There are 2 protein chains.
Amino acid sequence: MVSINDVAKKAGVAKSTVSKVLNNYSLVSEETRLKVEKAVEELGYVPNSVAVSLSKKVFNRVGLIVDIRHNSQFVDEISMQYLTGAFEKAKEYQIEVVTFFSSQFDEMNYKQVTAYLKSQRINCLIIYNLSIENKNLYKIIEKQEFNCVLVDSPITNDRTSSVSLDHFSAQYEVAKKTLEENIYIDRVLYIAGGAGGYITNRRLDAMRKLQEELDFELIVEYGDFNEYKAREITFKNGEKSNAIVCASDLMAIGAVFALIEMDIYRPVCGFDGIRLMGYTKIAMNTVKQNFNLKSKQAFDELKKLLDGEKGQHTEIPYEVCKIDYMDVIQK
Amino acid sequence: MVSINDVAKKAGVAKSTVSKVLNNYSLVSEETRLKVEKAVEELGYVPNSVAVSLSKKVFNRVGLIVDIRHNSQFVDEISMQYLTGAFEKAKEYQIEVVTFFSSQFDEMNYKQVTAYLKSQRINCLIIYNLSIENKNLYKIIEKQEFNCVLVDSPITNDRTSSVSLDHFSAQYEVAKKTLEENIYIDRVLYIAGGAGGYITNRRLDAMRKLQEELDFELIVEYGDFNEYKAREITFKNGEKSNAIVCASDLMAIGAVFALIEMDIYRPVCGFDGIRLMGYTKIAMNTVKQNFNLKSKQAFDELKKLLDGEKGQHTEIPYEVCKIDYMDVIQK
DNA sequence: TTGTAAGCGTTATCAT
DNA sequence: ATGATAACGCTTACAA
């Protein structure tokens with residue numbers, strides 16, 4: 001492995017000088033800069049990131065915490081988009097990232113998690129879909145020992161930013177549009193996410209507002225973002241409701257397939273705008289969001305935190321629409 | 001951050017002794033071992049993995065190279081399963097992993113790629129679906145500077161193992177089963193993967209064997225594992241063929257949806273057994289494989305290489321079946 | 001069995 | 001503007 005010493009020797013300077021060139025210090029003559037750059041080029045030298053990380057006073061390494069504990073399978077699609085978005089930004093900013101699955105932290109306590117993260121020199125976190133059961137992560141956010149960006153959880157503090165769409169208005173819009181497309185709506189089944197979750201409550205609020213406005217009976221059941229549960233809930237409550245609003249596309253798919261088996265029709269709408277929707281060939285309203293972009297934005301927010309800005313909330317755009325097979329497969 | 005020095009101080013021993021305890025050296029008295037372990041426990045000490053990596057003579061860090069350049073979208077599902085499988089094994093073996101997307105290496109030359117990997121202290125690679133265009137990776141495998149495990153590419157040498165199913169017999173079986181379920185088969189459209197790829201060729205061989213046996217005309221088109229291309233190919237050749245065999249489920253879905261639009265029926269079979277299949281509600285034969293398990297097996301093979309074994313080829317099981325919605329959503 | 005000290009490849013603080 | 005040198009946190013001869 002070619003090291004900084006090799007470069008220094010070849011360029012005929014001290015390794016500290018090489019380091020200065022590499023980190024573009026101002027106080028270095030044009031002549032030596034060229035010598036060093038030539039040596040770097042010729043040797044194909046790339047700094048050892050491990051050594052850099054160990055030696056640097058401030059070194060940023062971000063942990064991406066992805067939640068894949070949902071029983072449903074197609075969280076894959078979303079998680080993968082989150083990861084690719086973050087990876088691209090990481091490359092752009094030249095910041096190292098490490099991927100974790102939140103289930104890894106389940107058996108640990110708060111102290112263990114922080115020790116574990118710090119032992120990997122991680123000082124920043126991007127947490128996707130923080131779930132309410134994860135007490136450790138909540139505590140980490142609260143204690144502000146790490147710079148955090150939360151995707152789809154509305155917590156902010158000095159060192160914590162959040163990025164999400166406006167769950168209230170999005171849920172309101174998609175539900176309203178779906179209900180208004182139909183004539184008699186006097187009883188609506190709302191299949192919510194996980195009981196007590198932030199976004200779940202925000203969306204529930206939206207449903208309650210709509211309920212007041214449109215004056216229907218609202219049945220609320222918790223499907224935990226799980227399509228199988230949504231299916232069961234639909235079997236139980238589908239008949240007596242005349243529309244079903246779901247807090248995720250996956251649950252909406254579960255509901256629609258249940259309805260088909262029950263051989264009844266009810267308008268259904270989802271939330272997320274996953275591509276899987278296109279494959280089911282069921283045209284239903286949903287809230288379409290760009291997960292890749294959301295993740296990139298989260299990274300941008302993280303960068304701001306690293307640059308000394310205080311944590312803030314950022315809202316991202318969404319679109320109420322139907323997911324079409326051709327749109328999904330085209331690109 | 002609590003370091004090895006803190007532990008040493010607290011336990012009243014030298015830091016080298018702490019290190020010995022941590023790495024379970026034999027020559028350490030029970031008494032000091034206990035003292036050290038107590039201190040570690042009380043301080044919640046976790047070794048700094050960056051420092052460990054820098055100082056260890058042999059330190060294993062594996063790069064997971066995932067290919068997401070396919071235009072088709074649902075490679076997500078497969079890649080994510082690969083990643084989770086590898087991550088679980090990494091935790092089990094206590095080996096660090098770093099994720100890369102192969103597209104990152106596109107603009108680099110061979111020297112740059114190796115320098116880049118080495119600068120991150122990576123000495124092992126698990127390469128998923130090595131595509132034929134990736135000259136750099138081929139050269140890396142050939143030069144044997146890294147321990148490599150290839151998933152679904154049949155190259156092996158002293159430091160390279162491969163893990164895959166038997167593409168020849170799997171393709172043969174699924175195609176045969178599909179064709180035999182139907183009566184008149186005299187012209188078969190085979191939508192292959194990427195021209196020149198290893199697995200593509202193996203599968204083509206299987207189709208040729210079947211062609212000889214069943215005596216039909218074989219039309220071969222390359223769909224590049226892309227569902228859109230498969231769709232176009234089907235529009236062009238679907239009518240004149242009386243069965244379509246596809247080298248991936250995604251292409252099979254593209255073909256079936258095209259057939260539906262053409263309003264004709266042709267038996268179609270796929271390859272991979274992705275869960276997405278269950279959502280399309282189209283029952284078609286496919287080769288089902290467990291990607292998560294395959295990735296785990298690849299990691300096991302990597303471990304063997306690290307333990308000094310020579311590279312070898314391992315075959316994994318598969319099953320010819322149909323993917324059912326209920327199986328997909330149940331779990 | 002334990003401790004001392006050199007080394008891993010960098011950065012950063014001093015002198016010069 | 002450049003070069004020694006100490007530090008980063010750990011492992012590992014080697015000495016005791």
Side-chain angles (χ1 to χ4, degrees), chain A residues 1-37 39-40 43-61 94-96 115-123, chain B residues 1-37 39-40 43-61 94-96 115-123:
Chain A
M1 217 208 123
V2 30
S3 82
I4 198 170
N5 287 306
D6 303 321
V7 178
K9 212 166 288 170
K10 182 141 197 161
V13 296
K15 64 176 174 181
S16 56
T17 306
V18 176
S19 178
K20 278 164 197 158
V21 172
L22 260 39
N23 298 282
N24 6 254
Y25 259 55
S26 42
L27 303 171
V28 51
S29 74
E30 199 53 31
E31 186 190 10
T32 42
R33 145 161 286 117
L34 288 174
K35 273 196 299 189
V36 170
E37 278 168 354
V40 165
L43 294 171
Y45 166 72
V46 182
N48 181 324
S49 63
V50 171
V52 171
S53 159
L54 185 61
S55 128
K56 269 229 169 111
K57 284 272 178 282
V58 288
F59 185 84
N60 298 323
R61 210 149 182 260
Q94 306 244 55
I95 292 179
E96 274 191 46
Y116 176 65
L117 293 172
K118 284 185 182 172
S119 81
Q120 303 208 24
R121 287 237 150 189
I122 283 168
N123 64 334
Chain B
M1 218 209 123
V2 30
S3 82
I4 198 171
N5 288 307
D6 304 319
V7 178
K9 214 166 287 170
K10 180 140 196 162
V13 297
K15 65 175 174 181
S16 60
T17 307
V18 176
S19 175
K20 280 164 195 160
V21 172
L22 261 40
N23 299 283
N24 7 255
Y25 259 54
S26 43
L27 303 172
V28 51
S29 75
E30 198 54 30
E31 187 190 9
T32 42
R33 147 160 284 117
L34 288 174
K35 273 195 300 189
V36 170
E37 279 169 353
V40 166
L43 294 172
Y45 168 71
V46 182
N48 181 324
S49 63
V50 170
V52 172
S53 160
L54 185 61
S55 92
K56 270 230 168 111
K57 284 270 177 284
V58 288
F59 185 84
N60 298 322
R61 205 145 186 265
Q94 305 243 56
I95 292 178
E96 274 190 48
Y116 177 65
L117 292 172
K118 285 185 180 171
S119 80
Q120 304 208 24
R121 286 236 150 193
I122 283 168
N123 63 335

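Since this is a predicted model, take the numbers as computed values, not measurements. Per chain, numbering begins at 1; letters A, B, ... match sequence-line order.
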By side chain to side chain donor-acceptor pair (under 3.5 Å), which residues pair with [X], not counting sequence neighbours?
| X | result |
| --- | --- |
| B/Tyr45 | none |
| A/Asn23 | A/Ser19 |
| B/Lys10 | B/Glu42 |
| B/Arg121 | none |

>> With nearest nucleotide decided by heavy atoms, which residue, A/Ser3 or B/Glu30, maps closer to the 5′ end of DNA chain C?
In response: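 Mapping each residue to its closest nucleotide by heavy atoms, the 5'-most match is B/Glu30.
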> Which comes earlier along DNA chain C counting from the 5' end, the contact point of B/Leu27 or that of B/Ala51, where each point is its nearest nucleotide?
Replying inline: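 Checking each residue's closest nucleotide, the 5'-ward one belongs to B/Leu27.
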If I compare all heavy atoms of [X] with all of [Y], which pair ends up nearest, and what's the gap?
| X | Y | answer |
| --- | --- | --- |
| A/Asn48 | B/Leu54 | ND2-CD1, 4.4 Å |
| B/Asp6 | B/Ser3 | OD2-N, 2.7 Å |
| B/Ala8 | B/Ala14 | CB-C, 3.9 Å |

>> Let me check the geometry of the helix from C/dT1-D/dA16 to C/dT16-D/dA1. What is the bend angle between the axes at its two ends, five pairs each, to 10°?
In response: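 Roughly 50°, once rounded to the nearest ten degrees.
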>> Once you apply a heavy-atom cut-off of 4.0 Å, does B/Thr32 come out as touching a base, just sugar-phosphate, or nothing?
In response: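 Since only primed, P, OP1 and OP2 atoms lie under 4.0 Å of B/Thr32, the category is sugar-phosphate.
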> NA contact type, B/Val50, heavy-atom cut-off 4.0 Å: base, sugar-phosphate, or nothing?
Replying inline: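 Nothing, no heavy atom under 4.0 Å.
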>> So A/Val28 and A/Val36, do their side chains get closer than 4.5 Å, heavy atoms only?
In response: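 A/Val36 vs A/Val28: side chains apart.
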> Below 4.5 Å, heavy atoms only, C-beta onward: do A/Leu43 and A/Val7 meet side chain to side chain?
Replying inline: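 A side-chain contact exists here, since the closest heavy-atom pair is under 4.5 Å.
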>> What residues from residues 52-61 of chain B pass a heavy-atom cutoff of under 4.0 Å to DNA chain C?
In response: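 Contacting residues: B/Leu54, B/Ser55.
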> Can you tell me if A/Ser119 uses its side chain to pair, donor with acceptor, with the backbone of B/Val46 under 3.5 Å?
Replying inline: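 Absent.
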> So, does A/Arg61 use its side chain to make a donor-acceptor pair with the main chain of A/Gln120 at under 3.5 Å?
Replying inline: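 Judged by distance alone, yes, a pair lies under 3.5 Å.
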> Roughly how far apart are B/Leu117 CG and B/Asn123 CG, rounded to 0.5 Å?
Replying inline: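 Going from CG on B/Leu117 over to CG on B/Asn123, the span is 10.5 Å.
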> Looking at residues at least two apart in the chain, or sitting in another chain, which of them share a side chain to side chain contact (heavy atoms under 4.5 Å, CB included) with A/Val52?
Replying inline: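 Here the qualifying residues are A/Pro47, A/Lys56, A/Phe59.
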>> Taking side chain to side chain contact (heavy atoms under 4.5 Å, CB included) as the definition, give me every residue that meets it alongside A/Lys118, ordered by chain and number, with sequence neighbours left out.
In response: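 So A/Lys118 forms a side chain to side chain contact (heavy atoms under 4.5 Å, CB included) with A/Glu145, A/Phe146, B/Met1.
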> Quick one: how far along DNA chain D does chain B reach, first to last nucleotide 5' to 3', anything under 4.0 Å to a heavy atom?
Replying inline: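 That gives a stretch of D/dG9 to D/dT12.
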> Which residue pairs pass the salt bridge (charged side-chain N to carboxylate O under 4.0 Å, His left out) test with at least one member in residues 15-37 of chain B, sequence neighbours excluded?
Replying inline: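 For residues 15-37 of chain B: B/Arg33-B/Glu37.
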>> What residues from residues 15-23 of chain B pass a heavy-atom cutoff of under 4.0 Å to DNA chain D?
In response: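 Here the set is B/Lys15, B/Ser16, B/Ser19, B/Asn23.
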> Taking any atom under 4.0 angstrom from a heavy atom of chain A, which nucleotides of DNA chain C are the first and last to qualify, 5' to 3'?
Replying inline: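 Range of nucleotides within reach of chain A: C/dG9 to C/dA12.
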